[in-house]
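Single-structure report; data block below.
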Amino acid sequence: MPASGDTTTFKGSYPFKEIDEKWRRYWEDNNLHKTDFSKTDNKLFSLVMFSYPSGDNLHVGHWYAFALPDTWTRKKKMEGYNIFEPMGFDSFGLPAENYAVKTGIHPAVSIAENIKIIRRQLKEIGAMYDWTSELATSDPRYYRWTQWLFLNFFEKGKAVRKEAPVNWCPSCKTVLANEQVINGACERCDTLISRKRLKQWFLSITEYADRLLDGLDKIYWPEKTKTMQRNWIGRSEGAEIVFSEEKSGEKIPVFTTRADTLFGVTYLVLAPEHPLVEKLTAPDRKKDVDAYIARTQAISEIDRQSTVGEKTGVFIGSYCLNPINGTRIPVWIADYVLYSYGTGAVMAVPGHDNRDWEFATKFDLEIKQVIKPSNNSEIDLDKGAFTEYGVMTNSDKFDGEKSSSGMRKVAESLKSLNAGDFKVSYKLRDWLVSRQRYWGAPIPIIICEKCGDVAVPEDDLPVLLPDIVDFKPASDGSSPLAKSSEFVKTNCPKCGGEARRETETLDTFVDSSWYFLRYLDPEFEGGPWNPDLVRKWLPVDMYIGGAEHSVMHLLYARYFCMFLNDCGLIDFDEPFLKLRHQGMITNKGAKISKSRGNVINPDHLVSRYGSDTFRMYLMFMGSYAHGGDWDDSGINGIARFLGRVYRLVTQTTDSVKKIINVSYSNIKNNDHDLNYRLNLTIKRVGNDLDNLEFNTAVAALMELVNDLYKLMESKSKSSDLFHFSIKQLILLIAPMAPHLAEELWQMIGGKPSVFAQSWPTYDNSALRLATVTMVVQINGKLRGSFDVPVDCDEESLFELASNDERIKAHLEGRTIRKRIFVPGRLLNIVIG
RNA sequence: GCGAAAGUGGCGGAAUUGGCAGACGCGCUGGAUUUAGGAUCCAGUCCCGCGAGGGGUGGGGGUUCAAAUCCCCCCUUUCGCACCA
């Protein structure tokens, strides 16, 4: 096993150094990976999620994410597709900014350096990237259009400003990202965080909730990803019910999916952040209420949803009336109610909801039964809530209604009282895109005292990031951009009066929601994308990236497309027709990152084993969707295998030159085993690569090579079929080991590039076997196996089996109860 | 907590989707080889047992002629949870 950093060439390797360089130069010199956009027949846009150019550079996880999709794409190329495979950088974001705060190095500088290194590493992968399409989201030529797109949302009323809380460190006086909050405290100074309310920009993704759900039915995505998106959107049908405070008459709407339990409401709970809390708190309760609110501020929403911890809450000293019967009920606040979901208030029905039951039990609140089981059985509400559907009881004129019809009737009744209605609620919230940070696209809005929020005129885009030196957020919670008065001071485009610029920047998810559109011409000046090319080349045919993006990025990008489609800017509304995920590569069980100190540098492995060996080892490690923990102890096996392939070709040197001319139809074939193996391999490798099952594709090739080695010493070595098999092997291995395949292809007399060749097809007739091994079981246990003709029927196999000594012994003195025969597979004899 | 997945030899993983568990590779063992070595080629390698045979896919139960695969319960691990990207 190589010590890490050992770059001595593995002894069993082929001369990969020369080969890798030679072919990489060949591809580059001949512009082989430049897409011809005018050829749109059989177009295939193959996309991988672009990477953040961090100081970690590329690690093995990136190779895994990039090299293997390239193998899939190269196979498609050999199938005749006209390929577009771009690469770029998601270069705005927090890490570069943090690095700048620490070192004083401008993010633009560190990002440019990182990109330089990463670009060099990416080239070593040997992928078919069309580098003329490279883009970076922090490039003003890119973010000019991010801003332009934001203004489209703004002008259609879909970018709005609302108050929303941010994590606030009272000691550092800065806004913190969730990542910077550790156990409710600031990562730098350990001070407990609080929430600060700021007016921030939102994109109204919730308006698209139903379309985002419906669209899932027409795209080829993993079912689990669709499920996650459906759950994230979280559509639920129910009712909104309006309670009113007894003195002020203040309306408190709540959302419930169980309107049938309305008569069981014994208290109301508001989220601690609910704006009505202040108004409704009785003076004598103010001290307790304020103390409670302060306590909940440091608790994350995730922890608040936990059901293991003790329920907490306080009574705020006021009462409201149940609209259905006027019952007077107390109002509480509790952190198990989230302001971000529903209306931020719930009607508590402790008899029929678990969380309400726990809360009521702890605080000694009334528990009322209003639903009884459909089978009329007794329930004991002292032991817990009855949460199932049933029949309404203690509910006045609704008594006897089933839950389902009851919900409807209660809602209708409330509607006539003007105190509620049917309502669909979503877990999905509007997308907060404001960031109080430097390293992002400035939000192109001018705030004028007279005219309000005004869009920056299109001709003035991009709003360039000011060149400042202090990247720390300002102490009032505003963005570092606010410190540059030069940036802030401007005139209102409408009235011409003095105005100030919006100083917040856009969430980087905005940048990455449309990059696939920009790829087609990153230099295009006439708009965010070249409409001609976009019409021909989008949507993306295959998108590959990590499952960690299942909801946010993948939902935002879909939302963008739907919106752009509505604006008439594009003619499709789903960006990614087909989606696949790769698993995650961990190291010692942990996510790979510089901060954890477990980065594995692929450069060492590439220089010791070569690009193709490393790429193929990543394929062979396990199933692509699964990922796995990094361990390089098996890479010798792939190095050995590619060495064997290389020698297989060089050791047939006497006849090597004529190999290129053998064709299957002229072969006088008498080696049925090899013929079977060859055609089976073509079939398996093709299917496996289509399905991104690289590990088994490699295994299939190994089996073919093992068989060929077994024939090396025999006279078959010079047969046409043997030679043809080598030729096909080179084609099959090409997507996985592109540099080596080019070299071998040339060696057998082929003209480069091997990727201009057609993908091998298999001969189905060669796969039809004359004989097959069938198994005989007794009571499901294997007792014998027989080589029989493929069409062997039950009687013949049974006859054969009953003459077998071993099986005879098992059958002796027993009665046969049943026989199960599966043609071509097995016979199971069930005995008593 | 909620949502989504995963669990198979010493290790990474296969298994045509209910039909011979362990393909392929690593590691290990043995053999071959006058370039003696981190190379190459060949053979063996799930566990217990001399053997017949038995056991075996995280644990427990179930369905079935037949279960890694389907159903129920439990355990463990990973990913996401809206300001990391």
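Chain letters run A, B, ... following the sequence lines, proteins first, then strands; residues in each count from 1. None of the values given here were measured: they were computed from a predicted structure.
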Quiz item: Can you tell me the Watson-Crick or wobble partner of B:A4, both distances under 3.5 angstrom?
Solution: B:U78
Practice problem: Could you tell me whether A:Tyr617 and A:Trp630 have their ring centroids closer than 6.0 angstrom? | Solution: yes
Exercise. May I ask you to say what A:Ser434 touches in the nucleic acid, namely base, sugar-phosphate or nothing, with a heavy-atom cut-off under 4.0 Å?
Key: base
Self-check item: Which atom of A:Cys169 lies closest to which atom of A:Cys172, heavy atoms considered
Solution: SG-N, 3.3 Å
Practice problem: Using a heavy-atom cut-off of under 4.0 Å over every strand shown, decide if A:Gln436 touches base, sugar-phosphate, or nothing. | Solution: base
Quiz item: Counting any heavy atom closer than 4.0 Å, what does A:Trp431 reach on the DNA or RNA strands: base, sugar-phosphate only, or nothing?
Solution: nothing
Practice problem: Confirm from the modelled atom types if A:Asn178 and B:C83 form a donor-acceptor pair under 3.5 Å, side chain to base only. | Solution: no
Quiz item: When only distance counts, do a donor and an acceptor, one from the side chain of A:Gln200 and one from the base of B:C83, lie under 3.5 Å apart?
Solution: yes
Quiz item: So which nucleotide from B:A85, B:A14, B:G3 ends up closest to the side chain of A:Thr696?
Solution: B:A14
Self-check item: Short side-chain to backbone donor-acceptor contact, A:Asp629 and A:Lys588, under 3.5 Å
Solution: yes
Quiz item: NA contact type, A:Arg783, heavy-atom cut-off 4.0 Å: base, sugar-phosphate, or nothing?
Solution: sugar-phosphate
Quiz item: Within the structure shown, what part of the strands sits under 4.0 Å from A:Ile820 by heavy-atom distance: base, sugar-phosphate, or nothing?
Solution: base
Quiz item: According to a strict under-4.0 Å criterion, is A:Lys591 in side-chain N/O contact with OP1 or OP2 of B:U77?
Solution: no
Practice problem: Look at the side chain of A:Asn231 and decide which nucleotide, out of B:A85, B:A4, B:G25, has an atom nearest to it. | Solution: B:A4
Exercise. Please work out if A:Leu428 contacts a base, only the sugar-phosphate, or nothing of the nucleic acid, heavy-atom cut-off 4.0 Å.
Key: base
Exercise. Could you check which nucleotide pairs with B:G19 in any of the strands shown, counting Watson-Crick or G-U wobble with both distances under 3.5 Å?
Key: B:C65
Quiz item: Using a cut-off of 4.0 Å on non-hydrogen atoms, how would the nucleic acid contact of A:Lys781 be classed: base, sugar-phosphate, or nothing?
Solution: sugar-phosphate
Quiz item: If you look at every strand shown and take non-hydrogen atoms under 4.0 Å, does A:Gln777 touch a base, only sugar-phosphate, or nothing?
Solution: base
Self-check item: Counterpart base for B:G27, defined by Watson-Crick or G-U wobble contacts under 3.5 Å
Solution: B:U45
Quiz item: Base, sugar-phosphate, or nothing for A:Arg437, non-hydrogen atoms under 4.0 angstrom?
Solution: base
Practice problem: Looking only at side-chain atoms of A:Val775, point me to the closest of B:C20, B:C11, B:C83. | Solution: B:C20
Practice problem: Hey, could you give me the CD/CD distance between A:Glu504 and A:Gln436, rounded to the nearest 0.5 Å? | Solution: 4.5 Å
Quiz item: Would a line drawn from the ring center of A:Phe10 to the ring center of A:Tyr609 be shorter than 6.0 Å?
Solution: yes
Quiz prompt | Sole residue of A:Tyr515, A:Phe516, A:Phe89 in ring-ring contact (aromatic ring centres under 6.0 Å, His included) with A:Phe50 | solution = A:Tyr515
Quiz item: Under 4.0 angstrom, heavy atoms only, what part of the nucleic acid is A:Arg640 near: base, sugar-phosphate, or nothing?
Solution: sugar-phosphate
Self-check item: Under 3.5 Å donor-acceptor pair, A:Arg684 side-chain atoms to B:U16 base atoms
Solution: no
Quiz item: Taking CG from A:Leu212 and C1' from B:A82, how many angstroms apart are they, rounded to a whole number?
Solution: 15 Å
Exercise. Remember a base hit wins even if backbone is also touched, and classify A:Val822 as base, sugar-phosphate or nothing at under 4.0 Å, heavy atoms.
Key: base
Quiz item: So what does A:Met621 hit on the nucleic acid, given a heavy-atom distance under 4.0 Å: a base, only sugar-phosphate, or nothing?
Solution: sugar-phosphate
Self-check item: N or O in side chain of A:Asn695 less than 4.0 angstrom from B:A14 OP1/OP2
Solution: yes
Exercise. Have a look at A:Thr227 and say if it touches a base, only the backbone sugar-phosphate, or nothing, with a 4.0 Å heavy-atom cut-off.
Key: sugar-phosphate
Quiz item: Contact class for A:Arg806 vs. all strands (heavy atom < 4.0 Å): base, sugar-phosphate, or nothing?
Solution: sugar-phosphate
Quiz item: When you check the phosphate oxygens OP1 and OP2 of B:A66, does a side-chain N or O of A:Arg819 lie under 4.0 Å from one of them?
Solution: no
